[in-house]
Each structure stands twice: as C-alpha cells, then as structure tokens.
Amino acid sequence: MVNHMNPRFEAVRDVTFRKIRMTGSKGPSVDIFGELCFNRKVMEKMLPKEINSHLDEVLLGRGKFNVLYADIIAQAMKDWAINLGATHFCHWFQPLTGLSAEKQDAFLDWKTLDSVLEKFSGKQLMGGEPDASSFPSGGLRATHSARGYTSWDPSSYAFIWKSSGSSVLCIPSVFFSWTGDALDAKIPLLRSDAKINNAALRLSHYFGLKATSVFSTLGCEQEYFLIDRGFYQLRPDLIMAGRTIVGAASPKSQELEDHYFGAIKERVLAYMREFEEEAVRLGIPIKTRHNEVAPGQFEVAPIFERASLAVDHNILLMELMRQVARRHDLACLLHEKPFAGINGSGKHNNWSLATDTGLNLLDPTDSPENSLPFLVLLAAILKAVHKHAPLLRASIASAGNDHRLGGHEAPPVIISVYLGEELERVLDMIETGKGDLKKKKQKLDLGIPMIAELAKDTTDRNRTSPFAFTGNKFEFRAVGSSANCSLPISVLNVIVAMSLNEIMDQLGSKKDKEHVFAVLRKVFKETRPIRFSGNNYSPEWVAEAKKRKLPIINKSLDAFKVLEEKGTKKVFEGVLTSEELDARYEILSENYAKVKTIEAKLLLEIFHTQILPVALQYQKELASIPSHKKKLTALISTAIKKMDLVEKTLLNIEKLDSACRDARASVDAMEQMIDDRLWPLPKYREMLMIL
C-alpha cells in the first residue's frame, strides 16, 4: 500500500530545500535609474529643443500638447524602444478595476504586398481604441454602446516593460468613452491637480511667493506579505480572494514584537534586491525597505514625487513585486488583511503640495516666506477634512480595508487629524491671541558620553491617527495596501482646493497680518472637533467622537453612499460629472458585493470539499476517546448549520459578512482539534513562520 504524504507536509519539506535565487543584482543604483524610461534625459538627446521646451510647459500644466509634434516624438520613441529590444507597444491605462490594462500591438506594418516594416506613427502614439463595455463603467458603457478611447498622457514617461523575454513600449494613457465620460482613475486625478493648482496659486500670489504652478506630491509606503509559493498554491482562498477565509491563529505570531525592523532573511533580501533594481530601471525612486510588525510582513517606500507619476509608479511596483516573487518561489500578498488576528497592510499616502520653484507648501521651515502661507494652507486642510470626512472615508473604502481598519495598528474608521504638540500650541495661541509663537528648540541628552546631544523633534508621532501631520506633509494612513491611490489623492485635492478658495475669498485683497490671523482664528475654532492627539484605538475616543458629531461609518458599503450626495457633486465640479460619480458609486458597491459573494462561495467550497471530509474521517478515529469525539461531533454539527446559513444569506450582502465570520469560527476551532497529519490546508504557523 502506497503511503501518500499530505501535500501540506510536502510544501513544508520543499521550503527547507529551496535554493535562494542569486541574480547578481546589486539593487538600486543611480547608474541605472530610469534607463527603461523615455524621460527628459532621453528626450533631450533625441528631440529638437523646441519640442522639449513644449513638453516641459505641458508637464507644468501651462498648455495642451501640440499634436503637430506627435510624429516626431513617435519616431524617436520607437527608435529608442526598438534599441532596447521592444517589439510591441501598448497604451497603458488604469480602468476602474483598481489595476492597469493594456492591449499590445506589434510595430509591424505593410511595406509592400509581401514585406513589412517597423512603424509607429504620431496617430498611434496619441491614442487607441479599446472596447469600453468589458470594463466596469457603472452604466456609462454597454455592449451596444461600447466605444472607448485611450489617449497619451505626456505628463508621465513612456517606459519599457520586460517580462518573460518580451519587451513592450508602454505609453501611459487616460481612458474615456465615446461620449467623453472618464472611465479611469487617472482623468479625475489629473483634473484634481489642475484644481488644486488654481487654488494654491491664489495663495502663492496673495503672499508674493514665486510660483507659476503648484502640484500635489505623493509618497506611497507599500506594505505586503510574503509566503512560500508552495503554501500559496495549496490555499484556494489566497489564490482567488487574496486572503485566508479560514485559518486558526498561530501559537506565536507578533506577540513578542520581534519582527518589526528585525534582520531581513536572506531569501527575502534577495527578492527585495531584485524587484528594487527593476523598479529603479523604470524610474521608480525606491528608498526604504524593512520588516513590518507581523511575521512575513514587509514594507517598501519610494521618495515622494508628483502625485500622478507616483500613482503610475505604485501600480507598476505592485505588478513588479508579484512577478518577481514568482521567480523566487514566493507569493506576494497585497490584500489589506490576508491573515486574521495580526497586522493588516496599508499604503500610507504621504501627501503635500509643491511649487514649480521647489517650495514645499506644507513645510513651514522650507522658506521664511512660507510661514503664513503654511498656516493658511493648514487651515484649508483642517476645514476640508472637517467638512468632508465622509468623502475621505469613502475614498479608502473597500471590502478588504473593512477587515483592516481599526485593528492591529491600522487607523480606525473615524477620520480625525493629528497635528502634534508644537502645531497644536501654535493654533491655540492663534485662537486665544496669547503666547509666544517663537520657541527655542530643545535638546536631548541621553547621558552617554559618546552620543552627541540630539535636537528634539517638535512633535511626537501618532500611528493611530488616520490623517497625521509629520513635519512637512500629511500622512493618510487609512489607504489600503491593494488600492489605486488615485481616488484618495483626488479627493484630498478637490476638498482642499474648495476650502482654500473659500478662505482666499475671505482674505480678499486685504493683506495685513492681523486680517490674516482673524480669518485663521475663525477657521481653527470651527475645525477644532476634527483635531485629536490621543489614542484613536481607545473606546473613550469613540464616545468623544460621537460628542463632537464626527461621522462614524463602519462599513464601506455605507461609505460609498456619499458619492451620490449633492455636496460631493459640488466639490467635484470640473473633475467628475454627476453621472461619473454615480457610476463610481455603482462600480464600488457592485465590486464590494461581488468580493463578499466570492469569499462566501469559497468558504462553502473549502468546508464541504476539504474540511468536512477530514473532520468526518477523524471523527471515526476517535471512537476510543468518547469525550473528544463528542466535542468534535458538536463542532461538525454547528459548522454544518452555520454553513447552511451562509448559503441562505448569499444574496444578503449586509448580513453575509457576519454569517461567514461565525461559520469560520467553527472551522478554526476544528483545525485546533483535528490530527495535524490530516489537516489539508497550510496553517498560519507554517505560512507566516517558514520562509
């Protein structure tokens, strides 16, 4: 009789003998930065000076692209791409799936009836025509009205994507319908940047700052999990849902707090080094890597850059991380909560505003001239968050993020702002008119002879806050790890633009300091409820938030509703139409329901085809231990009843999550009771600890 090993044990054995993939990669380097990008450095060599100057103006938002230059640019782009091995080109865009999309075409075209040549025209550069009805459109497109278009976005560099020996010229593009409706994530982001530019220029001109354009900047701290691919392939829930639908807690996970910033394992470091090098070749300015809090969890972070480019780069980075993981026999998990009971993964959005002269408007120390403009901008941000907190909540809403928010170092669903001790002191003095705005910097002496005195930071850090000021930017910590950052950044841009315009209207043409402080005093008093410096996880804060009448929207399905409100449509004027916002409400709500339904069906399938047969087999083996058999029999009976309830609740999305959670509890209890040799699914202690 052949003794077949449990596939789970085979996966554990295989991890032991995995060879670390050594690629010869050195990691990030200035020598290779952007070598796969058709960037300014390349354009200066290959394009006439006149066209380069024009593209610089377009990048700064000072005019539309002149299509008369398209053929010249297309020729240069094709020659550059072919020289790097490209055989195909595509318009690379971001439909409302949260991912990227592309349709690849060869450079080949007819030369004669029996010969071809490599050709790429200005018309091909400028746009393409993918079918728009097969993407989520919220009713804006349908099979009988399917025409959609992609159009080159010259503010983002074309790049070469290399995969499986193939090289493709990718042209960053926007995506819209035959009727002109925005069908992607990028159009509203670019429009929101134009809106914040106009508002911030009013601020700059009022205070005499030298600036001709202002744009939002973004740095995305990307968290993720890694597990061995052998474990991943034995988990249908991870493959299809991105998270574990069942799984008992490991006896040891993050309790000892020994993983955060710990030594990076050799296999993980080899993986990091390879995807970072590929990212740098694509012009993604990777800066930081480290172990995160949970076992098997890590983080990568770039230097901040123009927000629209940062979003493109983050989408590319996530795809790179997934692809490179496969080469290392790893699976990269980007879901917000792949494992219950431990840290989830976020994508902290570090947002600020910068001028074309290099001034960071959210850094009061960047220039002596920026002190008052900073306070006015800060007032506008507080006013925006106070008034539009539900919209910010909607911008980070998803089925995955609902599992993460409010637990294990993730910010809660209550949107508040953390400013820190120093800024709170400044705002209090402005409100009361008392105190000294100037304060000497303090020093820290650790009492160790060889350690120099250190300048003490003006504020502590609050990791429980969803929206925290960190010295020269705001960190929007509530964004989920799998999200496309376009929506939260678009929302930030439009609500701050509206609030800033309202404040600038109040300031008018009167420019004395007392007038400015009078306006600021009023805004700071009105927005005091949104400011909170304490522990956002505490039950006391929930009670306090209710007193302050702050919105508490626990479920994403409820958060989406704000997209249909009149106030939202007003704030998005010029960025998204009423119909486009309605469409996004439909898409997000439908996606939420589909995700929940898929997870429920997976739970039922895994239980009936993998868990129940094993439980029944072990039940027979327990004949000689009546007490254990009785306990297991009760668990099986309870699990079957709870699974029946899940099946009956499939069409009731609001109750489905609770039903699945209860059913899972029974399965997880069985995992901790059934003989280890029989359990079919890789366990938490294996997936998280063996790497």
Side-chain angles (χ1 to χ4, degrees), residues 90-103 127-128 130 132 134-141 148-156 170-177 180-196 215-218 220 222 305-319 334 336 347 349 351 391-392 394-401 476 478-495 556 559-560 563 568 571-572 574-577 579-592:
C90 72
H91 286 95
W92 182 83
F93 59 102
Q94 298 166 34
L96 297 173
T97 57
L99 304 170
S100 62
E102 60 192 52
K103 181 184 74 172
S134 297
F135 292 106
S137 71
L140 295 174
R141 294 279 83 190
Y149 302 93
T150 52
S151 182
W152 175 40
D153 169 20
S155 70
S156 193
C170 298
I171 302 157
S173 304
V174 295
F175 180 45
F176 54 96
S177 73
D181 293 312
L183 299 177
D184 70 347
K186 199 169 193 185
I187 287 176
L189 177 59
L190 293 173
R191 287 175 179 167
S192 74
D193 228 25
K195 199 161 190 175
I196 197 69
F215 51 89
S216 56
T217 62
L218 174 64
C220 304
Q222 180 70 59
E305 52 191 335
R306 181 186 287 268
S308 58
L309 185 58
V311 168
D312 285 0
H313 281 167
N314 182 252
I315 296 293
L316 281 175
L317 181 63
M318 289 194 291
E319 186 56 37
L334 293 166
E336 284 73 18
K347 178 153 41 198
N349 278 209
W351 172 88
L391 186 52
L392 279 173
S395 77
I396 50 95
S398 70
N401 219 12
F476 194 10
V479 182
S481 54
S482 69
N484 183 317
C485 301
S486 291
L487 182 56
I489 298 304
S490 296
V491 168
L492 272 173
N493 285 346
V494 295
I495 64 176
S556 288
F560 298 140
L563 295 174
T568 300
V571 81
F572 266 96
V575 175
L576 287 171
T577 65
E579 292 75 18
E580 289 168 339
L581 281 166
D582 288 344
R584 277 153 178 77
Y585 168 73
E586 293 295 333
I587 291 166
L588 290 168
S589 301
E590 186 177 355
N591 177 267
Y592 184 94

So CG of L183 and CZ of R584: to nearest 0.5 Å the spacing works out to 7.5 Å
R141 side chain reached by D181 side chain, heavy atoms, under 4.5 Å: no
Can you find a heavy atom in the side chain of L334 that is under 4.5 Å from one in the side chain of Q222? yes
Main-chain N/O of S398 paired to S556 side chain as donor or acceptor, under 3.5 Å: yes
List for me each residue that meets salt bridge (Lys or Arg N to Asp or Glu O under 4.0 Å) alongside E579, sequence neighbours excluded, and say none if there are none. none
Please report the closest heavy-atom contact between A182 and L140, naming both atoms and the distance. O-CD1, 4.3 Å
Can you confirm whether F476 sits close enough to I489 that some side-chain heavy atom of one is under 4.5 Å from a side-chain heavy atom of the other? no
Exercise: identify the closest heavy-atom pair between S482 and M318: O-CE, 4.2 Å
CA sep, side-chain torsions, deciding dist, call: F175, L96, side-chain contact (heavy atoms from CB on, under 4.5 Å): CA-CA 10 Å; F175 180 45; L96 297 173; over 6 Å; no
Nearest heavy-atom contact between A483 and N314 is O-OD1, 4.1 Å
Heavy-atom nearest pair, E580 first then V575, reads OE1-O, 4.2 Å
I want to check something: taking the side chain as every heavy atom from C-beta on, are I396 and L392 in contact at a cut-off of under 4.5 Å? no
Spatial distance of atom NZ (K347) from atom SG (C485) [nearest 0.5 Å]: 4.5 Å
Distance check, rounded to the nearest 0.5 Å: S490 atom OG versus I495 atom CD1? 11.0 Å
Side-chain donor or acceptor of S151 paired with backbone N/O of V174 under 3.5 Å: no
side-chain contact (heavy atoms from CB on, under 4.5 Å) between S486 and Q94, worked out: CA-CA 10 Å; S486 291; Q94 298 166 34; 4.0 Å; yes
Evaluate side-chain contact (heavy atoms from CB on, under 4.5 Å) for F572 paired with V491, printing each intermediate quantity in order. CA-CA 8 Å; F572 266 96; V491 168; 3.9 Å; yes
Determine, stepwise, if the pair F560 / Y585 fulfils ring-ring contact (aromatic ring centres under 6.0 Å, His included). CA-CA 6 Å; F560 298 140; Y585 168 73; 7.2 Å; no
Where is the tightest heavy-atom contact between W152 and P172, given as atom of each residue plus distance? CD1-O, 3.5 Å
Report the distance from atom OG1 of T150 to atom NZ of K186, rounding to the nearest 0.5 Å. 12.0 Å
Check each of N349, L316, L487, N484 against V311 using the side-chain contact (heavy atoms from CB on, under 4.5 Å) test, and report the only one that passes. N484
Should the pair F93 and F135 be assigned to parallel (<30°), tilted (30 to 60°) or perpendicular (>60°) ring geometry? perpendicular
Going by heavy atoms in the side chains, are S481 and E336 under 4.5 Å from each other? yes
Taking C-beta and beyond as the side chain, do S155 and L190 meet within less than 4.5 Å on heavy atoms? yes
Drop me the distance from S156's OG to R306's CZ, to the nearest 0.5 angstrom. 10.0 Å
Given the rule in the side-chain contact (heavy atoms from CB on, under 4.5 Å) test, do L563 and D582 qualify, once you have shown the distances and angles that lead to the verdict? CA-CA 7 Å; L563 295 174; D582 288 344; over 6 Å; no
A side-chain contact here means heavy atoms from C-beta on lying under 4.5 Å apart; do D193 and L189 qualify? no
How far apart are the closest heavy atoms of V479 and N401, and which atoms are they? C-ND2, 4.2 Å
Using a 4.5 Å cut-off on heavy atoms from C-beta on, say whether the side chain of P136 contacts that of E590. no
